Each structure stands twice: as C-alpha cells, then as structure tokens.
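What follows is one structure encoded as structure tokens, with my remarks underneath.
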Amino acid sequence: MHYQKGERDTVRFGYASQNLTLGLTTGQTLRLANLQDAERVHALVRSNLSALEEILYWNAEHGIGLFRLSQLLIPFASHPDFPYDWEQEHGRLLARAGVLAGHLGIRLSMHPGQFIQPGSPNPDVRDRSVAELRYVARVLSLLGGADLVLHLGGAFDNKPAAIDRFVRSLEGEEDVLKYLALENDERLWTVEEVLEAACRLRTPVIVDTLHHSLNPGELSLRYALNAALTTWRRRPKVHLSSQDPSKQLGAHAWGVNMNDFRVLLDSIGGGDVDVMVEAKGKEGAVLPLVAGCQILPLEAAR
DNA sequence: AGATGTCAAGCGGAT
DNA sequence: ATCCGCTTGACATCT
C-alpha cells in the first residue's frame with residue numbers, strides 16, 4: 001500500500017471523481033429544472049454514496065490511498081431551491097461512508113470548480129461561493145474527509161485587491177478553513193502568490209506540478225515544493241499530472257509520464273507525501289505508479 | 001438508436 | 001464584442 005521512500009517515508013496515490021473500471025461516478029447529477037423532484041434527488045445522492053463505498057473498497061484492494069469526491073456528490077446542495085434538508089436526510093449514510101474510508105485508511109477530498117470565486121468584486125458571487133464552500137466543508141466533516149482544495153480564482157486586474165477580498169471572504173469561516181488547502185493554477189496564481197494568501201489564512205498549500213511548469217513565477221519546482229510542504233500540519237499533499245502532447249497546454253494526459261513523477265519525487269526529497277493524480281485515465285493512471293513504486297530502488301526516489 | 005446542443009454559477013484570454 | 005476553455009453528466013430535441 002505504501003511506497004517506501006526511506007525507512008519511514010511513504011507515498012500514497014489517488015484520483016478524482018470516478019472509477020472507469022467499475023464504471024461508477026460520485027458525481028451523478030440532474031438539471032436544475034428537475035430539482036423539485038425530491039424523491040429523485042434523494043435517489044441520486046444515495047446512488048452517489050453507494051458508488052463511493054464501492055470505489056473505496058476497490059481502491060483499498062488496489063493500494064490506492066486517496067480519493068477526491070465529485071463536488072456534485074449532493075448536486076445543488078447550496079442552491080436555495082434544494083428541496084430538503086440534505087444533512088438530516090443523508091447524514092447517517094455520509095457518516096457510514098466516512099467510517100468505511102477511515103477503516104480502509106483512505107483520505108477524502110473535494111475540489112470545487114471555476115464558479116467558486118471568494119475573491120470576486122461581486123458580493124453575490126462571493127456569497128454564493130462561501131455558501132458552496134460551507135456545503136463542501138459540512139460534507140467533509142460528516143465523512144471525516146481531509147481536504148477542501150481550491151484555486152484563488154480571478155485576479156480582476158488587481159491581484160493584491162483580489163487576494164484581500166479572497167482572504168476577507170474566508171476569514172472567520174472556521175468550518176471551511178479547517179479543511180481548506182490552496183492550489184496554484186496554470187495561468188494566474190503562482191505558488192509564491194498562493195503561499196502569501198495561504199499564510200494569511202493559515203491554511204496549507206498544494207503544488208500542482210503541471211500548473212507550476214506552465215506558471216512557475218520565480219520559483220524552481222524544488223523550492224516551491226519545499227515551501228509548500230512546510231505549510232502542512234497534517235500529512236502533505238501535492239497534485240501530479242502530465243501534459244497531453246496532442247492538446248493545448250494544460251490539458252491532462254491519459255496517464256502520468258514517469259519522468260514527471262521522478263522529477264516530483266526528486267524535488268520533494270524525503271518525508272511522507274500524498275500524490276493526487278489528475279489524469280483522464282483516472283485509476284488506470286494511478287495503478288502503474290502504485291506498482292512501479294514497489295519495485296523502484298530507493299535511490300530512484302531520492 | 002444515435003447525434004447534437006444546452007444546462008446555475010465566473011473567470012481570463014484569444015479572436 | 002463575442003466566443004472558448006476549464007470538467008462532466010443529464011436530458012430535450014433532433015435525425
């Protein structure tokens with residue numbers, strides 16, 4: 001299950017949202033026009049949670065220690081038209097899945113997408129964003145999850161002002177901050193800038209290797225990783241993905257280029273780390289890493 | 001049956 | 001000024 005980097009150092013791997021082998025997703029959703037059908041929403045959420053449990057078992061059997069839930073686990077949960085009290089109705093099943101993940105030793109996370117903009121100059125956008133983040137934090141709490149991963153979002157032609165708004169929107173949101181981890185992106189926010197925002201919110205930083213290679217700012221990968229790893233008071237996490245050579249810059253490849261992985265391990269040096277793999281092939285991109293790690297000589301990890 | 005376009009939400013960037 | 005990408009599935013409408 002754990003790759004031995006050194007006497008005590010381990011690396012774990014994970015993937016996001018769905019398992020292609022099982023043909024299961026934790027992100028079945030529906031259109032807003034159908035949201036008033038409470039029975040249907042209820043069945044959908046139960047289906048997503050059932051898929052989660054099956055995926056957790058599969059992951060444990062295949063030595064995979066991380067899984068990212070789809071943000072759509074409970075679709076439209078933070079929307080004002082959501083038809084019932086989802087925490088009341090699904091709390092017990094969420095807790096059950098959380099106990100299972102705990103037993104299997106699998107770290108759970110969620111990663112809300114592009115519409116979540118706590119740094120927006122538009123107060124309505126900020127409010128909706130915070131509402132969605134509270135939903136994610138609540139789900140993670142019920143599941144015993146670990147990480148709410150977020151980008152800084154837009155820059156609005158004034159990066160310091162955007163960071164100020166971002167920080168002010170989340171200051172005091174203790175339930176969110178407990179899980180929050182901030183990630184660099186491929187165009188706007190470098191690791192160095194994310195470190196600044198994270199420092200102000202006292203929250204850890206995730207380095208995404210592909211994003212960093214496209215938007216490194218002044219920092220080497222080694223420096224960026226070492227700075228980010230020190231921000232973690234729980235087990236640190238990084239994101240790993242490779243460029244799809246046939247697509248535009250930033251597009252994820254089906255699998256992970258082994259050289260990208262070696263560069264990552266080499267840049268990290270020692271210590272435990274969790275690696276979230278972002279690849280079109282999902283679990284199929286992770287399995288070779290799990291297998292490869294078991295036969296790599298120790299020197300290759302350093 | 002299969003193919004296509006649109007759906008809650010917001011940005012930045014290309015054109 | 002308008003469209004596209006991020007990511008993915010649902011589903012209405014068409015062929």
Side-chain angles (χ1 to χ4, degrees), chain A residues 15-20 22-37 39-45 47-52 55 67-83 86 109-136 149-159 161-163 165-166 169 182-190 193-194 197 208 210-211 214-215 217 239 241-244 246-254 276-283 285:
Chain A
Y15 60 98
S17 294
Q18 61 188 153
N19 181 298
L20 302 177
L22 295 172
L24 291 173
T25 173
T26 56
Q28 275 185 276
T29 184
L30 78 176
R31 300 251 279 247
L32 182 59
N34 298 318
L35 190 64
Q36 78 289 347
D37 186 345
E39 270 308 306
R40 189 169 154 190
V41 179
H42 212 281
L44 206 56
V45 174
S47 172
N48 283 339
L49 287 171
S50 161
L52 172 60
I55 289 171
F67 185 66
R68 179 195 299 166
L69 301 153
S70 166
Q71 187 190 359
L72 298 171
L73 186 74
I74 302 171
F76 297 99
S78 71
H79 193 285
D81 295 340
F82 193 85
W86 63 263
S109 60
M110 266 197 195
H111 187 9
Q114 66 267 37
F115 300 114
I116 306 307
Q117 300 281 348
S120 172
N122 180 335
D124 293 335
V125 173
R126 292 201 298 272
D127 289 348
R128 282 199 298 273
S129 297
V130 171
E132 180 73 0
L133 293 174
R134 286 176 181 156
Y135 143 69
V136 172
V149 182
L150 195 63
H151 293 292
L152 292 186
F156 312 96
D157 293 325
N158 186 340
K159 281 186 162 183
I163 289 193
R165 284 189 301 267
F166 186 95
S169 290
L182 300 177
E183 181 189 349
N184 61 315
D185 65 76
E186 76 278 27
R187 287 202 315 258
L188 241 46
W189 302 100
T190 64
E193 292 166 324
V194 173
D208 181 297
L210 181 58
H211 294 165
L214 295 168
N215 183 25
H239 285 182
S241 60
S242 293
Q243 174 68 43
D244 183 332
S246 70
K247 296 201 176 137
Q248 69 173 66
L249 288 178
H252 291 154
W254 189 91
M276 177 57 69
V277 172
E278 296 182 322
K280 297 288 184 198
K282 302 296 180 186
E283 79 284 357

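Below, all heavy atoms of this structure are taken into account, side chains as well, without hydrogens, waters or symmetry copies. Letters A, B, ... mirror the listed sequences (proteins, then strands); counts begin at 1. All values derive from a computational prediction rather than experimental measurement.
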Pair up each side-chain donor or acceptor in residues 109-119 of chain A with any protein partner under 3.5 Å, not counting sequence neighbours, and list the distances.
| from | atom 1 | to | atom 2 | distance (Å) |
| --- | --- | --- | --- | --- |
| A:Ser109 | OG | A:Lys237 | NZ | 3.3 |
| A:His111 | ND1 | A:Val149 | O | 2.8 |
| A:His111 | NE2 | A:Glu183 | OE1 | 3.2 |
| A:Gln117 | OE1 | A:Gly154 | N | 2.8 |
| A:Gln117 | NE2 | A:Gln114 | O | 2.9 |

(request) Give a yes/no on whether any side-chain N or O of A:Lys247 is located under 4.0 angstrom from OP1 or OP2 of C:dG5. (result) no
(request) Please check the phosphate of C:dC4 (OP1 and OP2 only) for any side-chain N or O of A:Gln248 closer than 4.0 Å. (result) no
side-chain hydrogen bond (donor to acceptor under 3.5 Å, both in side chains) partners for [X], two or more places apart:
X: A:Ser47; value: A:Gln28
X: A:Ser129; value: none
X: A:Ser242; value: A:Asp260
X: A:Glu132; value: A:Gln71, A:Ser78

(message) Expected output is a numbered-order residue list: members of residues 150-158 of chain A with a heavy atom under 4.0 Å from any atom of DNA chain B. What is it?
(response) A:Gly154, A:Ala155, A:Phe156
(request) Check DNA chain B against residues 111-124 of chain A and give the residues with a non-hydrogen atom under 4.0 Å, in numerical order. (result) A:Gln114, A:Phe115, A:Gln117, A:Ser120
(request) Could you give the distance separating B:dA1 and C:dT7 at their P atoms, to the nearest angstrom? (result) 33 Å
(request) Sequence neighbours left out, what passes ring-ring contact (aromatic ring centres under 6.0 Å, His included) with A:Phe166? Give chain and number order. (result) none
(message) Going by the rule ring-ring contact (aromatic ring centres under 6.0 Å, His included), which residues pair with A:His211 if we only count those two or more places apart in sequence or in a different chain?
(response) A:His151
(message) For Watson-Crick and G-U wobble pairs within 3.5 Å on both distances, what is DNA chain C written in dot-bracket notation, | included for inter-strand pairing?
(response) ||||||..|||||||
(request) Name the first nucleotide and the last nucleotide along DNA chain B (5' to 3') that come under 4.0 Å of a heavy atom in chain A. (result) B:dT6 to B:dG13
(message) Enumerate the salt bridge (charged side-chain N to carboxylate O under 4.0 Å, His left out) contacts for residues 24-33 of chain A, please, sequence neighbours excluded, ordered by first and then second residue.
(response) none
